[in-house]
Amino acid sequence: MKTNRRTFVVHTLTGAGALSAMSLAGVAHAQPMLAEADAQAAALGYKADATKVDKAKFPKYAAGQLCNNCALYQGKVTDAAAGCPLFAGKQVAGKGWCSAYAKKA
Ligand code: SF4
């Protein structure tokens, strides 16, 4: 009885884990990287490499400001790319930057 219940729980958890891993992988693959040429990206001065930001055009940019430490970044600081609500359906580079940058509290 005890073994059966444990077996059931293990199987259920494994199944759920596999499903959520699959759907997470699916989401990651479904979201393409944001292109700098994208109209909204260009309007916000988005660069996939923050060191390439046009500092004359965006004087508020300061070295060390990166998507991965922006309050809007939807991934972990260690993620190479993640979503950003400003660019729905796209992923921004962790080392990127745009003029809507807001330091994570
Ligand atoms: Fe990166 Fe933040 Fe701009 Fe989104 S709002 S693109 S996370 S700097």
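The figures here come from the full heavy-atom set of this structure, side chains too, leaving out hydrogens, waters and symmetry mates. First listed ligand is number 1; within each ligand, the first listed atom is number 1.
Below 30°, between 30° and 60°, or above 60°: for Tyr61 and Trp97 the angle between ring planes is above 60°, a perpendicular geometry.
Atom 1 (Fe) of ligand 1 has Cys67 SG as its protein N, O or S neighbours under 2.8 Å.
Across all their heavy atoms, Lys47 and Lys52 have their closest contact at CE-O, 3.8 Å. Looking at every heavy atom in both residues, Ala93 comes nearest to Met33 through N-CE, 3.7 Å.
Linking ILVMFWY residues whenever their side-chain heavy atoms come closer than 4.5 Å, directly or via other members, places Tyr73 and Leu44 in the same cluster.
For ligand 1, the atoms sitting less than 4.0 Å from at least one non-hydrogen atom of Phe87 are 6 (S), numbered in the order shown with element in parentheses.
The 12-atom threshold is not exceeded at NZ of Lys57, counting heavy atoms of other residues, nucleotides or ligands nearer than 6.0 Å.
Between Asp49 and Lys95 there is no salt bridge, since no side-chain nitrogen of the basic residue lies less than 4.0 Å from a carboxylate oxygen of the acidic one.
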